[in-house]
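This report concerns only the one structure given below.
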Amino acid sequence: MHSIRRPGIDRRSLLAGSASLVAAAVFPRGSRGSTAALAREFTLVAALGRLSLVGPPYPDTDVWCYNASVPGSEIRVRQGERLRILVENQLSQATTVHWHGVRVPNAMDGVPFLTQKPIASGEKFVYEFEVPDAGTYWYHPHHHSSEQVGRGLSGALIVEEIESLPVDRDVVWVLGDWRLARDASIVNDFGNRMEVTMAGRIGNTVTINGRVPETIPVRAGERLRLRLINAAAARIFGLEFRGLRPLIVAFDGQPVEPREPPEGRVVLGPAMRADVLLDMSGKPGATAAVVDTFYRDLSYKLVDLVYTNEPPIRALPLDPPARLRANTMPEPDLDNAEKHTATLEGGMMGGRGMMMGMGGHGMGWSINGVAASGHDMAPMITLSRSNSCVLAIRNETAWFHPIHLHGHSFRVIARNGQPTRDRDWLDTVLIPPREGADIAFVADNPGDWMFHCHILDHQDGGLMAVIRVA
Ligand code: C2O
Ligand code: CU
């Protein structure tokens with residue numbers, strides 16, 4: 001695996017390129033301070049585009065994107081607001097949009113055949129829902145998602161707290177992963193059977209907000225709130241911020257007691273998010289490298305944070321941040337919870353060495369013995385509305401799986417049978433090979449909800465089920 005490197009990039013031109021599109025997509029309605037009954041209106045046009053991902057001297061790349069940008073226009077609202085989002089499909093194939101992590105009503109969840117008819121080419125669909133919880137979320141297609149996300153369709157959905165954390169800058173990094181040929185075009189090899197049964201279609205080029213980054217300017221002494229969104233179809237990131245002490249304040253949009261991640265490394269499987277506070281403690285003119293060390297022997301430098309020569313923004317470091325106010329999920333009642341198990345099986349059983357000569361085998365994936373062949377499935381589990389549920393997820397495979405549940409956030413209460421200390425609320429939990437995680441939640445959102453791996457090739461390969469809340 002190699003990354004395309006290229007000479008310097010002018011970050012200013014990158015920012016200028018997307019700013020007008022972001023503004024054009026937002027049509028606030030109603031007067032300021034209006035009540036939640038008035039919806040904020042947005043438009044997302046899914047269409048082909050041609051953008052510079054790698055930068056000169058490489059040519060532009062043909063992508064699929066929202067509002068002519070990668071990532072798509074950022075949607076930024078306040079907690080409790082109502083959104084009305086018109087999605088216009090100008091692609092040549094059907095699509096849907098899923099609001100990952102947001103607890104929307106089932107009919108707004110964007111799952112083809114299960115919650116809505118796919119939006120055919122040339123058609124429109126209006127999504128409308130309230131955002132009950134603050135946090136960092138994102139949106140992406142749920143139809144042919146391995147290819148549609150892999151070609152560029154995704155965007156950030158930021159829900160601001162009523163009472164936020166004081167920071168100098170709020171910065172969103174949508175992390176993308178691309179498999180590019182030498183001419184910077186997207187390699188057209190989606191759905192490769194062998195990759196489906198292994199780590200998924202991991203690319204060779206990583207972008208931040210749709211560009212291969214070179215350097216990002218920072219100022220000495222400033223405090224950043226860095227919202228990391230892993231929008232890759234298969235790549236897992238393990239980001240180290242050399243010389244800095246990243247402090248996690250939220251995972252998957254949900255506040256945690258501010259803490260440093262183990263070994264200072266922020267691990268994010270596909271679809272996972274982290275809000276990281278970064279105090280830029282270096283000196284003017286210094287550099288802090290951000291390095292991705294997740295895959296052993298394949299670590300690479302993602303970007304350099306380069307301190308400007310301005311004097312530090314403040315003389316003394318800031319106090320540690322307070323914890324963000326909790327969101328609105330009800331607390332699961334563990335003593336009276338329904339207990340269920342989801343066992344993940346399938347995939348190649350060996351390591352990388354086994355891949356040779358096995359290309360023809362149709363080894364898929366399954367949950368509790370069932371391999372999904374489409375979204376419109378009979379439920380694997382039916383929960384009574386308002387009941388608490390503890391779901392023990394067992395990964396009996398040789399691969400990592402970021403497992404996502406729609407319509408709910410859940411607490412991770414145990415790993416490998418051991419209670420977790422932090423009991424984080426997540427919507428996507430990364431489970432290492434042959435490990436397990438127990439999740440707990442209140443089944444308070446009625447409907448049929450997807451439960452699947454967010455390595456999108458695994459999902460396509462059958463690692464998907466439906467949990468019904470009736
Ligand atoms: Cu991010 Cu089922 O999706
Ligand atoms: Cu998986």
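Numbering of ligands and ligand atoms starts at 1, following listing order. No experiment lies behind these values; they were computed from the predicted model shown.
The atom of His452 that is an N, O or S and sits closest to atom 2 (Cu) of ligand 1 is NE2. Nearest N/O/S atom of His401 with respect to the Cu ion (ligand 2) is recorded as ND1. Sorting the N, O or S atoms of His458 by how far they are from the Cu ion (ligand 2) puts ND1 first.
Looking only at atom types and distance, the side chain of Thr397 has a donor-acceptor partner in the side chain of Asn395 under 3.5 Å away. In this structure, a donor-acceptor pair under 3.5 Å is present between the side chains of Asn67 and Ser73.
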For salt bridge (charged side-chain N to carboxylate O under 4.0 Å, His left out), just list the numbers for Arg201 and Asp189, CA-CA rounded to whole Å, side-chain angles, deciding distance to a tenth of an Å, and then say yes or no.
-> CA-CA 9 Å; Arg201 186 177 177 280; Asp189 62 349; 2.8 Å; yes

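Residue contact annotation: Cys453 places an N/O/S atom under 2.8 Å from the Cu ion (ligand 2).
Salt-bridge annotation for Arg227 and Glu74: absent, with no side-chain N of the basic residue lying under 4.0 Å from a carboxylate O of the acidic one. Using a 4.0 Å cut-off between charged nitrogen and carboxylate oxygen, Glu396 and Arg394 do not count as a salt-bridge pair.
Side chains of Ile403 and Leu344 form a contact here, defined as non-hydrogen atoms less than 4.5 Å apart.
For a distance threshold of 2.8 Å, the protein N, O or S atoms nearer than that to atom 1 (Cu) of ligand 1, listed by chain and number, are His100 ND1, His140 NE2, His454 NE2.
When Glu257, Glu161, Glu163 are each tested for a salt bridge (Lys or Arg N to Asp or Glu O under 4.0 Å) with Arg323, only one passes: Glu257. Residue Leu463 forms a side chain to side chain contact (heavy atoms under 4.5 Å, CB included) with just one option from Val196, Ile367, Asp457, and that option is Ile367.
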